[in-house]
Every structure is written in C-alpha cells, then in structure tokens.
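None of these values were measured; they are calculated from a predicted model.
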Amino acid sequence: VQLQASGGGLVQPGGSLRLSCAASGSIVSRNVMGWYRQTPGKERELVASITSGGWTNYVDSVKDRFTISRDNANNTIYLQMNSVKPEDTAVYYCKLGQWGKDYWGKGTQVTVSS
C-alpha cells in the first residue's frame, strides 16, 4: 500500500487549504483513513479520520474549521482546512489502517503565516 499526499503550502491566517491523499495497492473495502500532524519536538497527533462507511472523528481544535471527506472509488481522502490558524502549522501525514496494519504517506508541510 502506498499513500501520496499533496496540497500543502503557505497560507495566511484565516485562509483555506485543501489536502489530498491518494492510496494505491492492495486496499480492502473496509478501512479507516486519516490525517495526522506533527511539529518539531511534539508527538504526531490525529487531526481527523474517516471510515469507509463515512464516520468521521476530529480533534477538538479543528472542529468546525476542518472537514475530512473521502472518495472510496479512488481511495482518496481530502482535508478541507478553513479559517486556519498559525497553530495549524505542521507537517501533515495521511494514514490508512486495514487488517490491523497502518500505512503512512510522506508528509506535506502546511505553514500558516502572514
């Protein structure tokens, strides 16, 4: 399984950004995909996750600002980031979990700064 994330970059506070993550390889229909983020010196934290059935989960700090969605036909997830804040600055990673195994993509840098 391979995961390819894209969409990171520099955005001003209050702006929007959309991340994408496409999974390929041996993917089963029932899985969980999600976005995590990490800053230097801190542990990687869950931002949002979504099951193949569409159930979502968000960390409190991004609720009402970020939206995770997925396209099951293309094994792709998205993270729509609105009203971004400087504290959202991090390397964002996507993950796919299936059959008790986790697969990670390479991170994409998101920087929120004026």
Side-chain angles (χ1 to χ4, degrees):
V1 174
Q2 297 82 40
L3 299 167
Q4 181 65 50
S6 60
L10 174 65
V11 59
Q12 292 187 342
S16 297
L17 204 63
R18 189 191 195 207
L19 305 183
S20 300
C21 176
S24 60
S26 300
I27 300 167
V28 301
S29 59
R30 295 183 67 180
N31 58 62
V32 179
M33 296 184 72
W35 290 98
Y36 291 71
R37 65 187 179 188
Q38 188 170 24
T39 55
K42 292 189 176 182
E43 292 188 358
R44 194 172 295 185
E45 68 166 353
L46 172 68
V47 177
S49 63
I50 184 167
T51 69
S52 47
W55 289 95
T56 59
N57 181 47
Y58 296 89
V59 67
D60 286 346
S61 60
V62 308
K63 285 180 179 178
D64 300 323
R65 299 190 298 121
F66 292 7
T67 302
I68 189 169
S69 60
R70 66 186 289 164
D71 175 356
N72 286 334
N74 293 300
N75 295 313
T76 300
I77 62 169
Y78 306 93
L79 186 69
Q80 179 65 43
M81 306 168 63
N82 297 329
S83 303
V84 296
K85 303 176 181 180
E87 51 263 42
D88 295 321
T89 296
V91 178
Y92 284 71
Y93 298 89
C94 61
K95 187 185 87 170
L96 182 148
Q98 62 180 24
W99 292 111
K101 292 187 68 175
D102 292 333
Y103 303 88
W104 292 90
K106 293 183 179 179
T108 184
Q109 176 71 46
V110 172
T111 302
V112 182
S113 175
S114 55

Within 6.0 Å of CD in Glu43, more than 12 heavy atoms from elsewhere = no

- [ ] Decide if atom CD of Gln38 counts as having more than 12 heavy atoms of other residues, nucleotides or ligands within a radius under 6.0 Å.
- [x] yes

Distance check, rounded to the nearest 0.5 Å: [X] atom [atom1] versus [Y] atom [atom2]?
| X | Y | atom1 | atom2 | answer |
| --- | --- | --- | --- | --- |
| Phe66 | Ser16 | CZ | OG | 9.5 Å |
| Arg70 | Ser52 | CZ | OG | 5.5 Å |
| Asn75 | Asn31 | CG | CG | 7.0 Å |
| Ser24 | Asn74 | OG | CG | 11.5 Å |

Do [X] and [Y] touch side chain to side chain, with heavy atoms closer than 4.5 Å?
| X | Y | result |
| --- | --- | --- |
| Leu46 | Val59 | no |
| Tyr92 | Met81 | yes |
| Val62 | Arg37 | yes |
| Thr108 | Tyr93 | no |
| Arg30 | Trp99 | no |

Of Thr89, Leu79, Leu17, Val84, the one forming a side chain to side chain contact (heavy atoms under 4.5 Å, CB included) with Val110 is Leu17

Result for side chain to side chain contact (heavy atoms under 4.5 Å, CB included) between Met33 and one of Leu3, Asn72, Ile68 points to Leu3

When you measure from the side chain of [X] to the backbone of [Y], do you find a donor-acceptor pair of N or O atoms at a distance under 3.5 Å?
| X | Y | answer |
| --- | --- | --- |
| Gln80 | Thr67 | no |
| Thr39 | Lys42 | no |
| Gln98 | Ser26 | yes |

| task | Would you sort out whether Trp35 and Leu19 count as a side-chain contact (heavy atoms from CB on, under 4.5 Å), showing the intermediate values? | result | CA-CA 9 Å; Trp35 290 98; Leu19 305 183; 3.6 Å; yes

>> Set out, in order, the CA-CA distance, both residues' side-chain angles and the distance that settles side chain to side chain donor-acceptor pair (under 3.5 Å) for Thr76 and Asp71, then state yes or no.
In response: CA-CA 5 Å; Thr76 300; Asp71 175 356; 5.6 Å; no

Note to self: Let me check something: do Leu96 and Tyr78 share a hydrophobic cluster, defined by ILVMFWY side-chain heavy atoms less than 4.5 Å apart, either directly or through other members?
What the structure shows: no

- Query: Cluster question for you: counting only ILVMFWY and a side-chain heavy-atom cut-off of under 4.5 Å, with indirect links fine, are Val91 and Val47 together?
  - Reply: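 No, Val91 does not connect to Val47 through the hydrophobic network.
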
Salt bridge check, Asp88 against Lys85: does any charged N sit closer than 4.0 Å to a carboxylate O?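 Asp88 and Lys85: not salt-bridged.
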
Q) Are Trp104 and Tyr36 near enough that their ring centres are under 6.0 Å apart? A)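 Yes, the ring centres sit under 6.0 Å apart.
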
